[in-house]
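Indexing begins at 1, ligand by ligand and atom by atom, following the structure's order.
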Amino acid sequence: MKRLFTLVVILLMSEYVNANDGYKLWLQYFPFENKAVADYYRDYLENIHIVGISPTHEVIKNELGIAIKGFLGKDYQALTGKSVESALCIISKTDELPQEIKTAFAPNTVGLKDDGYLLKYHQGKMYIISNTNIGLLYGTFSFLKSIQTRAQLETMDILENPQIQRRLLNHWDNLNRTVERGYAGFSIWNWHRLPHHIDQQYIDYARANASIGINGTSITNVNANALVLTPEYLEKAAALADAFRPYGIKIYLTARFNAPMVLDNLPTADPLDPGVQKWWKDKTAEIYSYIPDFGGFLVKADSEGQPGPHNYGRTQADGANILADAVQPFGGIVMWRAFVYNEKTPTDRIKQAYDEFKPLDGEFRENVIIQVKNGPLDFQPREPFHPLFGAMPKTPIMMEFQITKEYLGQETHWVNLASMWEEVLQSDTYAKGKGSTVSKVIDGSLHGYKLTGMAGVANIGTDRNWTGHHTGQADWYAYGKLAWNPDTKIDKIAEDWLKMTFSTDPDFVGTIKGVMLKSHEILVNYMTPIGLHHIMARSHHWGPGPWVTGGSRDDWTATYYHKASKDSIGFDRTVTGSNALGQYAPEWKQILGDPDKISLDYLLWFHRVPWNKKLKTGNTLWHEMAIRYQKGVEGARWMQKKWEIQEGKIDTERFDHIRSFLNIQVREAEWWRDSCLLYFQQFSQMPLPEGVEKPKYDLNYYLNFKRNFVPGI
Ligand code: GCU
């Protein structure tokens, strides 16, 4: 028997060891590594009782089937006939439970909220309990994760409630299937084949999202095409909504503000015009006739060429409210983006959103939520938190993270974005004294928001592994976990993801978790150390471009941000400069306003600093900058070394893929270091300190380095 089991495991493992294209993401459900482990979990996988009938129950059974096949190599048997005596019971709270269990569980089940679930071991059996079908699905995924991560079941007593209501992916996908800032192929939405062909990838997308608690998806680019609001596309969007519904995922659409003019030739899109208001009401009713549980609109207005209320002398609140009134009778919401800035506004670009939105606090309808990027500029490798967090107590604010790595080397660089997100989420806004973290703003607890949300700009495309880099999957995974609970510990997220995706081998998990947790700092060092920002190449933002200057918009150049001169470098954002610092709490003003107190991580973001100024490390600014660039390169090489020694511990296909991407990452880290140091050296006029490698080429080489057709624009 033991031999037979070993043989089966070897056969199953051989596929796992040699070839794995990553399509299964973290839902790999690898075969158990030995009989003892299999025996430990077997009963809970073979002896299951599921109460209830619904499309979501079918999804639960299907997922258990996939998992059982993976873990045990067995086909899933009809499970519904089994009784509450079964080892695993998946039951709604209201279902009949023996009185004794009801009593034992009472304290927990009282705490169940929304789509929360209870995963509890009791007298030899596991129970998954929720008030909703979707909660049962979340509980099932959580239970399967426990097995994937080899958790001990006897101590299991997990009560999980989502801390944020709307947990969305934002796809910047165009109707022609290109993806703005997408680096993993084309859009997964095959509009041409919709509505009649539902691709398996849509279902697997829904499974993956449900497994991490994502419950909404905005499927079109924020630089919106009004066509998506026409019957031709609504029919297609409705087909996706139908496919996603059993997984608890709602569809949202991006609304182009001048759609009434584009689609129906209205003379204006003025939000205070009754004809325009009627148009949006009628259009919304039409959308709901296709998609009865349509989530609502996501809007980018008055920004980067998008039309908006400014065109009619109206406020952002006027604009948002017209759409809010239209979706309100149907229970829909409006996610109105705060990414509003204009090159004609003479103030520092990073101040503009706060200046515009803060005075409107309390002016928005109850079903509007303001969607704010994590930092005040634009998804840089490191930014301070956006000052709007904590500044609008009467208006719900949601977080927008970018999962796709537009400014972070794009798909070939390995950087654990959760580290960056945690930094922002745990920042203290001091809005209501110490402990007023960004996470408490967006989970609604700080200001009592009735509406809460988080959005992540998707990194998904048609690449077989979904995200280009296999480790981009970790960012998608971590995003879901943080959207569920923004205070989740990121080292646990990384550890679980590694075990579910690659291997439970403790050496592998320990070492690679270490790599993941250091990767963000490493990338910041080789790209934008000491608070440098927006020094990427023009337009596509791939690779270094500190020399980018001129052109139609100053606020799209690098020199606008670093302002390097012979004496100094950096953007003075203190009272002597743009005073963007004035938008933060007094506690921050004291720390960030003092060039000797501020963390070096933000120095050049807020201060203009002479090249020869001695920093708290004892180095001059130039010296510190140079050694940080060098450290970044060394960090990338260290990641590469740590990866090399994992050979044989995971399948060769993914091992080799990551290996070759690390090779690119190291080369590009060197490119960043060499070109930035040569460029800035023209100003500092100081030699490279000892220990910093001599650049491979001269500055001219880097200035003239051009690549055509960089993806994602
Ligand atoms: C960045 C990005 C754009 C995108 C914009 C946005 O500026 O480069 O491609 O449209 O953000 O968030 O709207």
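A pairwise comparison of heavy atoms in Ala537 and His540 identifies CB-CE1, 3.6 Å as the closest pair. In terms of heavy-atom proximity, Tyr479 sits nearest to Gly456 at OH-N, 3.1 Å.
Near Phe339, with a cut-off below 4.0 Å to any heavy atom, the atoms of ligand 1 are 5 (C), 6 (C), 7 (O), 11 (O), 12 (O), 13 (O). Contact atoms of ligand 1 toward His541: 8 (O) (distance under 4.0 Å to a heavy atom of the residue). The atoms of ligand 1 that sit less than 4.0 Å from any heavy atom of Glu180 are 3 (C), 4 (C), 9 (O), 10 (O). Proximity to Asn223 (heavy-atom distance under 4.0 Å) selects the following atoms of ligand 1: 10 (O). The atoms of ligand 1 that sit less than 4.0 Å from any heavy atom of Val222 are 13 (O).
Of all the heavy atoms of Asn221, none lies under 4.0 Å from any atom of ligand 1, so neither backbone nor side chain is involved.
A salt bridge is defined here as a Lys NZ or Arg NE, NH1 or NH2 lying under 4.0 Å from an Asp or Glu carboxylate O, and Asp601 with Arg628 meets this definition.
Ring pair Tyr205/His171 is tilted by interplanar angle, where 30° to 60° counts as tilted.
Closest to atom 8 (O) of ligand 1 among all protein heavy atoms lies Glu406 OE2, 2.5 Å. Nearest protein heavy-atom contact of atom 5 (C) of ligand 1 is Glu304 OE1, 3.3 Å.
Taking the centre and axis of the six-membered ring of Phe244, the NZ or CZ atom of Lys250 falls outside the cone set by 45° and 6.0 Å. Cation-pi geometry between Arg538 and Trp556 is not met at under 6.0 angstrom from the ring centre and within 45 degrees of the axis.
Checked against a 3.5 angstrom limit, the closest N/O atoms of Asp378 and ligand 1 fall inside it. At under 3.5 Å, a nitrogen or oxygen of Lys300, whether backbone or side chain, sits near a nitrogen or oxygen of ligand 1. Note: no N/O pair closer than 3.5 Å links Trp172 and ligand 1 by distance alone.
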Mind running side-chain hydrogen bond (donor to acceptor under 3.5 Å, both in side chains) on Gln163 and Asp487 for me, showing each step along the way?
-> CA-CA 9 Å; Gln163 301 303 307; Asp487 290 324; over 6 Å; no
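The shortest heavy-atom distance from Arg337 to ligand 1 is under 4.0 Å.
Under a cut-off of 6.0 angstrom, the local environment of OH in Tyr602 is crowded, with over 12 non-hydrogen atoms contributed by other residues, nucleotides or ligands.
Remark: among candidates Gln402, Arg181, Lys373, the nearest residue to atom 11 (O) of ligand 1 is Lys373, based on non-hydrogen atoms.
Here the options are His534, Glu343, Arg553, the test is side-chain contact (heavy atoms from CB on, under 4.5 Å), and the partner is Arg349; only His534 passes.
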